[in-house]
Asker: 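I am attaching a structure below and will ask some questions about it afterwards.
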Amino acid sequence: MDNYRQAKVQKFEEFVDRRLKPDLVSAIAERDKVFEQQKIFSDLRRNIENLEKNSVTSLRTMVNLGSEVYMQADVPDTRRIFVDIGLGFHVEFTWSEALNFISQREERLAGQIEEYTRLIASIKAQIKLVYEGIRELLQLPAERSVQEPIF
Amino acid sequence: MEEPTVRGTVTPLSSMFPVEDAQRAAKRVEDALSEKQQELNQVKEFIADNTNLINLVQKLPEELHHDIMVPFGKAAFFPGRLIHTNEFLVLLGEGYYADRTSKQTVEILNRRGKALESQVNSIKAMMQDFRAEASFFDATANEAAEGLVEIREEYVEENSSERVSDSGSIKQRSSSFSEADNTNVEDEEYARMMSRLDELEQEELAAEIDNEVDEDNQNQGNTAKNDKESDEDEVYARMMSRLDEFEQEELAAEMHNEVDEDNQGNTAKNEKDSDEDERAVTDFDQFSDQIARDHNFRHSEELRLSKPPQQTKDKKTSEDLSNNYRHQQDFSDQSCTDLTVQAVTRDIVKSSNAEKASMLPEVKENVGAVPSSKNESSKPGIDNSKVSAQISKPGFDIQKAFTGSVVEHSPKIQTSTQEQTETSSKASKPVSRFKMQRR
């Protein structure tokens with residue numbers, strides 16, 4: 001009986017360590033990626049709005065050639081902008097079209113973030129549940145008490 | 001000198017380094033190694049980027065402008081073109097930028113490349129270390145799994161201590177090998193080592209004295225050598241104190257052997273004392289009849305004599321000590337060649353060598369007393385009569401060598417020497433694995 005309990009506890013712990021925790025880590029990483037995307041698009045939106053506000057039609061900027069070596073670049077016409085729409089495709093937009101696309105894109109990203117947050121919460125809840133189960137398994141019949149991890 | 005008792009211990013290697021632990025250690029080192037490998041790959045990537053950039057920077061000024069897509073944030077770009085193609089803004093670090101031409105930029109990038117190269121080299125060196133470590137752990141794990149045992153024997157005398165882990169056949173025996181079987185072998189060996197140590201000490205002392213004599217005779221006014229001489233005195237004193245320390249350590253560690261050691265230590269001391277007395281007398285006797293040949297003989301001998309101490313003692317004494325021995329040796333080599341050039345024919349040296357082979361033990365005994373008197377010359381507390389005799393006479397040692405008493409344990413000495421050099425000399429053979437672990 002004791003052996004059985006021991007085996008059960010070990011199985012639970014393995015489930016937490018091998019399944020739930022890696023899942024949690026990868027979910028958090030995914031969410032961070034989406035956050036990054038969101039930041040990129042919000043920056044782009046702000047920049048385009050700036051261009052619009054100042055009605056800049058030509059632009060001089062510095063291009064990073066790599067390893068923090070910059071060179072001047074000239075943009076003769078800023079009214080046409082190529083925006084990354086995903087999967088390596090870029091679409092030529094005017095400013096208003098671009099802003100429209102960006103707002104839709106931001107909405108979508110926000111939804112994704114929400115999704116990931118929920119996923120993370122549920123994984124954390126499962127971990128807690130399993131630990132609670134282990135604690136019960138050990139505590140009720142035996143006098144031993146297990147320090148449960150705090151999340 | 002020989003009293004049979006159980007000395008030394010037989011320890012299964014697996015009890016000191018459990019197999020799992022060794023394997024775990026090996027695994028950890030492997031992990032560190034792969035980490036380093038990744039780091040190396042990353043740095044190599046940087047280097048590739050850097051060379052590409054150098055090519056680009058060199059090529060860009062060839063045209064007045066290049067049509068490119070100008071990035072606008074990470075997700076968008078404009079069609080545009082590069083202008084001012086010979087003006088680069090290069091990051092110097094800490095947020096400082098400099099306007100540079102293409103050529104200057106290439107120079108900067110080359111310097112960056114060099115820094116990266118050195119980084120690669122250092123990572124590679126580290127990886128090499130890790131690899132050596134990993135192979136060592138693997139070997140240990142395997143050996144522990146095979147049931148290898150370590151046999152260690154504590155060795156105590158008033159002058160030195162030597163730990164001999166016989167790397168040969170004994171170590172290979174299985175862990176079932178009992179300590180009782182060991183006893184006789186170890187006793188014999190112990191006795192041999194004791195006698196050997198006595199002699200070695202005396203040899204060292206003799207070597208020092210020889211140097212002194214050489215200086216007096218041949219290199220008068222050579223201050224550099226005199227300096228060395230006093231150095232040697234210091235070294236000797238330090239060595240002695242070190243040896244005492246070791247002895248005490250071992251005494252503490254080896255409780256059950258205490259009685260034996262006391263007895264043996266005393267006898268050893270007595271022997272030496274009587275030797276010294278003898279020596280002093282003979283010194284005076286031979287005071288008057290120095291022969292040129294003696295010098296040569298002595299020097300050739302000295303060459304041989306000065307070597308053994310290095311091999312056997314370097315383990316125990318600090319590094320500077322062994323360095324000093326090397327000095328000594330160099331010096332004696334020098335003086336020997338000088339002599340042959342000067343006055344003596346090769347034949348004499350050779351024959352004296354041959355003689356020496358058989359006479360060696362006695363010679364050592366004779367010489368034994370010399371060093372103490374030599375110490376006196378620079379340090380207080382030694383017989384004045386001896387000092388004067390020795391300082392004025394270079395040749396006496398040799399004379400005595402021919403007439404001196406025969407040492408009982410001389411036959412055993414050769415074998416023990418070999419064993420010791422095998423197991424303990426760093427130079428001739430890779431260090432015993434067990435010692436390496438401990439250091």
Side-chain angles (χ1 to χ4, degrees), chain A residues 33-52 56-95 97-99 101-102 104-106 108-109, chain B residues 45-61 63-113 115-116:
Chain A
K33 263 186 224 162
V34 181
F35 270 131
E36 212 172 299
Q37 284 275 316
Q38 196 187 33
K39 185 175 178 304
I40 288 171
F41 278 100
S42 74
D43 281 351
L44 183 59
R45 187 164 54 92
R46 216 174 14 195
N47 281 333
I48 292 175
E49 278 167 1
N50 261 337
L51 291 181
E52 239 178 355
V56 180
T57 54
S58 70
L59 183 69
R60 215 169 247 208
T61 180
M62 302 297 282
V63 180
N64 190 350
L65 303 175
S67 299
E68 306 301 311
V69 176
Y70 295 87
M71 184 181 269
Q72 286 184 51
D74 182 53
V75 180
D77 182 11
T78 60
R79 278 168 300 185
R80 302 256 161 213
I81 183 170
F82 291 77
V83 179
D84 183 4
I85 59 166
L87 296 176
F89 289 98
H90 293 77
V91 175
E92 186 174 358
F93 285 131
T94 62
W95 287 346
E97 283 166 348
L99 287 175
F101 168 78
I102 288 167
Q104 281 181 37
R105 188 73 201 258
E106 279 182 323
R108 173 106 187 82
L109 290 174
Chain B
E45 229 168 85
F46 288 158
I47 290 178
D49 284 353
N50 201 54
T51 48
N52 285 342
L53 184 60
I54 289 174
N55 290 337
L56 180 65
V57 169
Q58 279 170 337
K59 220 173 58 196
L60 279 175
E63 306 247 356
L64 203 56
H65 50 76
H66 300 264
D67 286 334
I68 57 160
M69 297 303 255
V70 181
F72 190 68
K74 275 180 186 162
F77 48 77
F78 297 114
R81 57 185 188 182
L82 288 175
I83 52 169
H84 302 248
T85 53
N86 201 21
E87 288 174 25
F88 295 86
L89 197 65
V90 186
L91 176 72
L92 300 176
E94 299 295 320
Y96 287 93
Y97 290 84
D99 266 325
R100 303 266 83 177
T101 66
S102 162
K103 224 175 188 174
Q104 290 165 325
T105 307
V106 169
E107 280 166 17
I108 291 175
L109 291 176
N110 278 331
R111 285 196 288 276
R112 281 188 195 169
L116 287 171

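Note on naming: letters A, B, ... go to the chains in the order of the sequence lines (proteins, then strands), and numbering restarts at 1 for each one. In this text the structure is predicted, and so the values were computed from the model without any measurement.
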Asker: In sequence, state the C-alpha distance, the side-chain angles, and the governing distance for B/F72 and A/T61, and then conclude on side-chain contact (heavy atoms from CB on, under 4.5 Å).
Answerer: CA-CA 9 Å; B/F72 190 68; A/T61 180; over 6 Å; no

Asker: What part of B/L82 is in contact with chain A, defined as an atom under 4.5 angstrom from a non-hydrogen atom: side chain, backbone, both or neither?
Answerer: both

Asker: Walk me through it: do A/R60 and B/I83 pass the test side-chain contact (heavy atoms from CB on, under 4.5 Å)?
Answerer: CA-CA 9 Å; A/R60 215 169 247 208; B/I83 52 169; 3.5 Å; yes

Asker: With rounding to the nearest 0.5 angstrom, report the CG to OG distance, B/N52 to A/S67.
Answerer: 9.5 Å

Asker: A/V83 versus chain B, heavy atoms under 4.5 Å apart: side chain, backbone, both or neither?
Answerer: both

Asker: Looking at OH of A/Y70 and CZ of B/F88, how far apart are the two atoms once the value is rounded to the nearest 0.5 Å?
Answerer: 14.0 Å

Asker: Go through the atoms of B/Y97 and report whether side chain, backbone, both or neither lie under 4.5 Å from a heavy atom of chain A.
Answerer: side chain

Asker: Check B/P79 against A/V75 and note the closest heavy-atom contact, atom names and distance.
Answerer: O-CG1, 3.6 Å

Asker: Let me know if B/R100 has heavy atoms under 4.5 Å from chain A in its side chain, its backbone, both or neither.
Answerer: neither

Asker: Looking at chain A, which one of B/L53, B/I68, B/L109, B/V90 has the largest number of heavy-atom pairs inside 4.5 Å, strictly under?
Answerer: B/L53

Asker: Checking A/I81 against chain B: side chain, backbone, both or neither under 4.5 Å from a heavy atom?
Answerer: both

Asker: In terms of heavy-atom proximity below 4.5 Å to chain A, should B/L56 be classed as side chain, backbone, both, or neither?
Answerer: side chain

Asker: Looking at B/K74, B/R81, B/H65, B/H66, which has the largest count of heavy-atom pairs under 4.5 Å with chain A?
Answerer: B/R81

Asker: A/Q37, A/H90, A/E92: which one forms the most heavy-atom pairs within less than 4.5 Å of chain B?
Answerer: A/H90

Asker: If you round to the nearest 0.5 Å, how far is CG of A/D84 from CZ of B/F77?
Answerer: 8.0 Å

Asker: Would you compute the distance between atom CZ of B/F78 and atom CG of A/L59 and round it to the nearest 0.5 angstrom?
Answerer: 6.5 Å

Asker: Against chain A, label B/L60 side chain, backbone, both or neither, depending on which of its atoms sit under 4.5 Å from a heavy atom there.
Answerer: side chain

Asker: Is it true that, when you exclude A/R108 itself, more than 12 heavy atoms of the residues, nucleotides or ligands shown sit nearer than 6.0 Å to its CZ?
Answerer: no

Asker: Could you give the distance from CD (A/Q72) to CG (B/D99), rounded to the nearest 0.5 Å?
Answerer: 8.0 Å

Asker: First locate atom NE2 of B/H84, then atom CE of A/M62, and finally report the distance between them rounded to the nearest 0.5 Å.
Answerer: 10.0 Å

Asker: Among the options B/T105, B/L91, B/L89, pick out the one with the most heavy-atom pairs lying under 4.5 Å from chain A.
Answerer: B/L89

Asker: Where does A/D74 contact chain B at under 4.5 Å (heavy atoms): side chain, backbone, both or neither?
Answerer: both

Asker: If I measure from the heavy atoms of chain B, does A/F41 come under 4.5 Å with its side chain, its backbone, both, or neither?
Answerer: side chain

